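Below is one structure; the comments refer to it alone.
All of these numbers come straight from a predicted model, not from anything done at the bench. The chains referred to below are lettered A, B, ... by the order of the sequence lines, with proteins before strands, and numbering in each begins at 1.
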Protein chains: 2
Amino acid sequence: MRNGTARLTTGRLARLADVGVETIRFYERHGLLPEPPRTPAGYREYPPETVRRLRFIRRAKELGFTLREIRELLELRMTPGTTCAEIRGRAQEKVDDIERRIRSLERMRGTLVQLVRSCRGRGPISECPVLDALEEDEP
Amino acid sequence: MRNGTARLTTGRLARLADVGVETIRFYERHGLLPEPPRTPAGYREYPPETVRRLRFIRRAKELGFTLREIRELLELRMTPGTTCAEIRGRAQEKVDDIERRIRSLERMRGTLVQLVRSCRGRGPISECPVLDALEEDEP
DNA sequence: CTTGACTCCGTAGCATGGTACGGACCGTAG
DNA sequence: CTACGGTCCGTACCATGCTACGGAGTCAAG
């Protein structure tokens, strides 16, 4: 086919992924985005998949992963010497991590839901049971 | 009873909650811990419940809540003019927020689990399917 | 060929969430 | 009373994750 993969400039990529242009350069410097090919004039030319990659980064960030952790997730591919078993192991670690987070959030939700439920929504604060439950810790 | 509530110094509190002494002062300045009463010499005297509060803060942080959000959670109590209904509403918002996070983590886990499963653990990286799945986004 | 938008790069600044430091004071054991 | 640790405070510093700035080169429309 004539066009193959239509490449993106930094600005177009930024708009598509809804991040700032500077953020893209920042991610490149910090290994979250691979260095893309350049035009003769030095302009970056991104393959369109980069949009998905940026969206993945954003989602992971919202979930409390650090950029370092996200980079680790992304590096599961493209590390040349890595065996498939290593990748599998690292992915499993991340799964365990994610499951711990989920359980912790579920405990938190349980506390808050109980709280919302026990609160009639009327009366002064002194009778609202929202209080001490909030400080509860691991059982 | 003779002792009632045994009060804690900053250092003891820090050890019990497994945070630094400076962190406690930092949280006080930023409204996450209420200003405790002082001895005549100016030493802080914390009620023992503060340990739970600090542990709650740590847990919430690990889950990706910012200090601002945690403060909001904690302020659901002790805001004098607040009605019970308001508190209830704010708590419900936090529940919704937590549920969004859980769903997002579950999607992430799904992707990774699929990945781990489809990977036999043998062979070179070029045959490991860990790759593109990682970049997947909301469906 | 000019104009305006876009890109490049390096560097600086900002917000968040602490962490460390230094000099002074307190308090208790010997 | 002295020593030694704990505490006080203010300020400075740190890492993370951007965000903005300035000056120069690029490129496409008119």
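- Rounded to whole Å, atom C1' of C:dC9 lies 13 Å from atom CD of A:E35.
- The residue B:T66 sits close only to the backbone: its heavy atoms come under 4.0 Å of sugar-phosphate atoms, none of a base.
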*Mind running salt bridge (Lys or Arg N to Asp or Glu O under 4.0 Å) on B:R109 and A:E99 for me, showing each step along the way?*
CA-CA 8 Å; B:R109 183 187 53 182; A:E99 283 176 351; 3.8 Å; yes

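- Of the options B:L32, B:L67, B:L33, B:V21, a side chain to side chain contact (heavy atoms under 4.5 Å, CB included) to B:F26 is made by B:L67 and by none of the others.
- Taking side-chain N and O atoms only, B:R44 has no distance below 4.0 Å to OP1 or OP2 of D:dT7.
- Annotation: side chain of B:T10 is not in contact with side chain of B:Y43 (no heavy-atom distance under 4.5 Å).
- Atom CD of A:E28 and atom P of C:dC8 are 9 Å apart (whole Å).
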*Residue pair A:E28, A:R44: steps toward the salt bridge (Lys or Arg N to Asp or Glu O under 4.0 Å) verdict*: CA-CA 11 Å; A:E28 183 178 315; A:R44 291 172 181 82; 2.9 Å; yes

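- Checked against D:dT19, C:dG27, D:dG10, the side chain of B:E22 finds its nearest nucleotide in D:dG10.
- Proximity of A:T23 to the phosphate of D:dT19: a side-chain N or O atom is located under 4.0 Å from OP1 or OP2.
- Of the listed nucleotides (C:dC8, C:dG18, D:dC8), C:dC8 has the atom at the smallest distance from the side chain of A:R38.
- The side chain of A:Y43 lies closest to D:dT26 when the candidates are D:dT7, D:dT26, C:dT19.
- Nearest-nucleotide positions on DNA chain C for A:A41 and A:R29 put A:A41 closer to the 5' end.
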*asked:* Please determine whether side chain to side chain contact (heavy atoms under 4.5 Å, CB included) holds for the pair B:L105 and A:L105, giving the CA-CA distance in whole Å, both sets of side-chain angles, and the decisive distance to 0.1 Å.
replied: CA-CA 10 Å; B:L105 281 169; A:L105 281 169; 3.7 Å; yes

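- One cannot find a donor-acceptor pair under 3.5 Å joining the base of C:dG17 and the side-chain atoms of B:Y27.
- Rounded to whole Å, the distance from CD on B:E72 to P on C:dT16 is 13 Å.
- We find that CD of A:E45 is positioned 14 Å from C1' of C:dC8, with the value rounded to whole Å.
- Salt bridge annotation for B:D18-B:R58: present, with a cationic side-chain nitrogen under 4.0 angstrom from a carboxylate oxygen.
- Listed nucleotides: C:dG17, D:dT16, C:dT7. Nearest to the side chain of A:T9: C:dT7.
- With rounding to whole Å, B:F26 atom CZ is found 14 Å from D:dA12 atom C1'.
- Between A:E69 atom CD and D:dG17 atom P there is a gap of 9 Å when expressed in whole angstrom units.
- In this entry the distance linking CZ of A:F65 with C1' of D:dC18 reads 20 Å, nearest Å.
- Heavy-atom nearest nucleotides on DNA chain D were determined for A:P40 and for A:G20, and the one closer to the 5' end corresponds to A:G20.
- Closest contact between the side chain of A:T10 and the listed nucleotides D:dC18, D:dT7, C:dT7 involves C:dT7.
- Taking every side-chain heavy atom of B:R25 into account, D:dC9 is the closest of D:dC9, D:dT7, D:dG25.
- If you take CG of A:D18 and P of D:dC18, they are 13 Å apart, rounded to a whole angstrom.
- Phosphate proximity of D:dT16 to A:K61: absent, as no side-chain N or O sits under 4.0 Å from OP1 or OP2.
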